[in-house]
Chemist: 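Got a structure here, written out as C-alpha cells. Questions coming.
Letters go in sequence order (proteins before strands), and every chain restarts at 1.
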Protein chains: 2
Amino acid sequence: MNTELSSVFQVATKQPRKKQEEDATGGALRADARRNRERLLAAAHAVFSERGADASLGDVAKRAEVGIGTLYRHFESREALLAATCDERLLLLARESRERSESLPTLEALRVFLAELVHCGGMYKGLAASLGIVLKNHTVGCDATTAEGERLLKAAQREGEVRSDVLLDDVVCMAMAISLAAAENGSDPKRIPRLTGMFFDGLRSRPEPRGARQR
Amino acid sequence: MNTELSSVFQVATKQPRKKQEEDATGGALRADARRNRERLLAAAHAVFSERGADASLGDVAKRAEVGIGTLYRHFESREALLAATCDERLLLLARESRERSESLPTLEALRVFLAELVHCGGMYKGLAASLGIVLKNHTVGCDATTAEGERLLKAAQREGEVRSDVLLDDVVCMAMAISLAAAENGSDPKRIPRLTGMFFDGLRSRPEPRGARQR
DNA sequence: ATTCAACCGGAGCAATCCTCCGCTTAGCAA
DNA sequence: TTGCTAAGCGGAGGATTGCTCCGGTTGAAT
C-alpha cells in the first residue's frame with residue numbers, strides 16, 4: 001500500500017544520466033538505449049497486466065531480456081516505470097477530456113473526467129494504491145492529466161458549481177479510494193458508479209445553507 | 001503498499017492452535033503463552049508507532065524478546081496483529097459512539113463516527129492503507145466497530161437521512177481514503193474536515209429530484 | 001513425579017529491492 | 001577504416017523481510 005503508499009509525495013522521473021532534452025519519451029537516447037527503453041515499457045505493461053502493479057521488477061527486466069540494472073537506469077523507481085507505462089493512456093484521457101469539455105457543461109465534463117480517472121486506477125491490479133504518487137511523476141501524460149484536472153476543477157469552481165475550497169489532490173485521492181474499493185473482490189459492480197456519484201454530490205456547492213431539514 | 005493492499009478482503013485471525021473459546025483476547029492460553037501475547041502487543045504498538053504499520057515484524061518480535069515463530073503463532077498475519085493492537089482503541093470508539101448516539105441526532109452521530117474512524121486510520125503511519133483488511137479481522141474491537149457503524153448507517157437510512165443504497169464498506173473505504181490523504185506530507189490540516197464534510201454531503205439523501213439547478 | 005499437548009525460538013529458505021562496477025558498443029572524428 | 005570514449009549494459013551480490021519448520025522446553029493436569 002502498500003506497500004507501501006506510506007509517504008505519498010515525491011517527484012522522481014530522471015532520465016538516464018544527462019541530456020534528456022526531448023522530455024520523458026526518450027528522444028536523445030543512443031539507439032540501443034532507446035530500444036531497451038521500449039522493450040522495458042512493453043514488458044512492464046505485460047507483466048503489470050497479468051501480475052498487478054506490484055509485480056517483481058526483476059520479472060519485468062527478465063521479460064524484456066534486459067539486465068535489472070538497465071531497468072533501474074531507465075526508471076528510477078517502480079512509480080516512475082508505472083507512470084511511463086500509463087503515459088499513453090493518461091495522455092489520451094487528458095485529450096479526450098479536453099475535447100469533451102467543449103460540448104459538455106463543465107460539471108458534467110468533470111464528472112466524466114473523474115470516472116475516467118477511477119477507471120484508469122483499475123488499469124493494473126493494485127495501481128490505484130499508488131496513483132497519487134504515479135501522477136506526481138512529470139511524464140507527458142501525468143502532467144497533461146493533472147493540468148486538465150486542474151483546469152476543469154477551477155472552471156467548475158468559477159462557475160459556482162463546485163465548492164471553492166476543494167483541491168485537485170482531494171479529487172485524485174478520492175478517485176484512488178474509489179478505484180481501490182472497486183478492486184475488492186466480491187465487490188458489487190454498482191459500487192463504482194455509486195461511490196463516484198456520492199463523491200460528486202459532495203463536491204458540489206451547497207444550494208441551501210444546510211442547517212434546515214430535520215430528522 | 002502495500003503494500004500491498006492488493007486484494008482487500010480476507011478473514012484471518014486464528015488463535016494459537018485450537019480451543020480459543022474466550023475469543024481473541026486470549027483467555028484460555030497457557031500462562032507463558034498469555035504473557036508472550038501481551039509482550040507482543042506492547043512491542044507491536046511501540047514499533048508501529050515509531051516506524052509505521054509496515055515495520056518489520058522481526059523487529060516487533062525482537063522488541064518483545066520473543067522468537068519470530070512465536071509472533072506468527074499468535075498472529076497469523078500483519079493485519080491480524082494490527083487488528084489486535086488497535087483492539088482497545090476500536091472498542092472504545094464503538095462504545096463512545098453508542099453513548100453519543102443517545103444524545104445526538106443519528107446523522108450527527110454518524111458524522112462523528114466517521115471522523116473518529118478517519119482519526120483511527122491515522123493511528124500508525126500507513127495504517128489507513130490496510131484499515132479495510134484490518135477491520136475484517138474478527139476481533140472484539142473490529143466487530144464492535146463494524147456493528148456500530150452498521151447500526152448507525154442503517155438507522156440514518158431508515159430515517160431517510162442517508163442514501164439507501166450505501167453500504168458500510170463504502171463508508172469504510174472513504175474513511176480510508178481520507179486518512180490516506182491526511183497522511184500526505186505537506187497536506188494542509190484543513191483537508192481532513194473538508195473531505196469528511198464533502199463525503200458526508202454526498203452521503204445524504206437528495207432533497208430535490210435531481211435534474212434541477214442550473215449553472 | 002510423570003506425562004504430553006501446547007508452546008518456544010530461531011535457523012534457514014525464498015523473494016525482492018537496489019547498488020555497484022567492470023565490460024561492451026554506438027556513434028563520431030580523423 | 002580505424003580508434004576513441006562517453007553512454008549504456010548487465011548481473012553478481014549485499015541487505016531486508018516474510019514465513020515455515022521442527023527439535024527442544026515447559027506448564028499444568030493426573
Chemist: Grab the CG-C1' distance between A/L81 and C/dC17 for me, whole Å please.
Modeler: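 To the nearest whole Å, that distance equals 14 Å.
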
Chemist: Let me spell it out: for each of A/G69 and A/G58, pick the nucleotide of DNA chain C with the closest heavy atom. Which residue's pick is nearer the 5' end?
Modeler: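 Counting from the 5' end, the first nearest nucleotide belongs to A/G58.
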
Chemist: What is the separation between atom CG on B/D59 and atom C1' on C/dG10, rounded to the nearest whole Å?
Modeler: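 Nearest whole value for this atom pair: 15 Å.
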
Chemist: Could you state the atom-to-atom distance from CG of B/N36 to C1' of C/dA6 in whole Å?
Modeler: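 Those two atoms, CG and C1', are 12 Å apart.
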
Chemist: Which of the following nucleotides, D/dG18, C/dA26, C/dC8, is nearest to the side chain of A/D32?
Modeler: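 Out of D/dG18, C/dA26, C/dC8, the nucleotide with an atom closest to A/D32's side chain is C/dA26.
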
Chemist: Go through the N and O atoms of the side chain of B/R73 and the base of C/dG9, and report whether any donor-acceptor pair is under 3.5 Å.
Modeler: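 Answer is yes: a donor-acceptor pair is held.
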
Chemist: Side chain of A/L29 only, heavy atoms from C-beta on: which candidate in C/dA6, D/dG8, C/dG9 is closest?
Modeler: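 The nucleotide sitting nearest to the side chain is D/dG8.
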
Chemist: Test A/K190 against B/D165 for salt bridge (Lys or Arg N to Asp or Glu O under 4.0 Å), laying out the working first.
Modeler: CA-CA 10 Å; A/K190 294 176 113 178; B/D165 57 350; over 6 Å; no

Chemist: Quickly work out the B/R30 CZ to C/dT3 P distance and round it to whole Å.
Modeler: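 Rounding to the nearest Å, CZ of B/R30 and P of C/dT3 are 18 Å apart.
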
Chemist: Could you go through B/R30 and B/D32, starting from their C-alpha distance and side-chain angles, then the distance that decides it, and tell me whether this counts as salt bridge (Lys or Arg N to Asp or Glu O under 4.0 Å)?
Modeler: CA-CA 6 Å; B/R30 227 169 67 175; B/D32 53 348; 2.9 Å; yes

Chemist: Counting side-chain heavy atoms from CB outward, which of D/dC19, C/dT25, C/dG9 is closest to B/I68?
Modeler: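 Minimum distance to the B/I68 side chain belongs to D/dC19.
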
Chemist: Are B/R151 and B/S101 close enough that a side-chain donor and a side-chain acceptor fall under 3.5 Å?
Modeler: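 B/R151 vs B/S101: donor-acceptor pair found between side chains.
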
Chemist: Return no unless some side-chain N or O of A/S56 is found under 4.0 Å from OP1 or OP2 of C/dC17.
Modeler: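 Answer is yes, contact under 4.0 Å.
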
Chemist: Within this structure, what is the CZ-to-P distance between B/R34 and D/dA28, rounded to whole angstrom?
Modeler: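 Between P of D/dA28 and CZ of B/R34: 12 Å.
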
Chemist: For A/D54 and D/dT17, give me the distance from atom CG to atom P, rounded to whole Å.
Modeler: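 Interatomic distance, CG of A/D54 to P of D/dT17: 18 Å.
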
Chemist: Mind listing the closest non-hydrogen atom pair of B/C142 and B/T146 along with its distance?
Modeler: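 The answer is O-OG1, 2.7 Å.
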
Chemist: Among D/dC9, C/dA26, C/dC7, which nucleotide has an atom closest to any side-chain atom of A/A31?
Modeler: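 Of D/dC9, C/dA26, C/dC7, C/dA26 is nearest to the side chain of A/A31.
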
Chemist: Can you confirm whether B/E88 is buried at CD, in the sense that more than 12 heavy atoms of other residues, nucleotides or ligands lie under 6.0 Å from that atom?
Modeler: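 No, the 6.0 Å shell around CD holds no more than 12 heavy atoms from other groups.
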
Chemist: Using whole Å, what does the distance between atom P of nucleotide C/dC17 and atom CG of A/L57 come to?
Modeler: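 In whole Å, C/dC17 P and A/L57 CG are 5 Å from each other.
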
Chemist: According to a strict under-4.0 Å criterion, is A/H74 in side-chain N/O contact with OP1 or OP2 of D/dG8?
Modeler: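 No.
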
Chemist: C/dC8, C/dT19, D/dC19: which one has an atom nearest the side-chain heavy atoms of B/Y72?
Modeler: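 So the nucleotide nearest the side chain must be D/dC19.
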
Chemist: Calculate the interatomic distance between B/L71 atom CG and D/dT17 atom P; express it in whole Å.
Modeler: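 My rounded result for the distance is 14 Å.
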
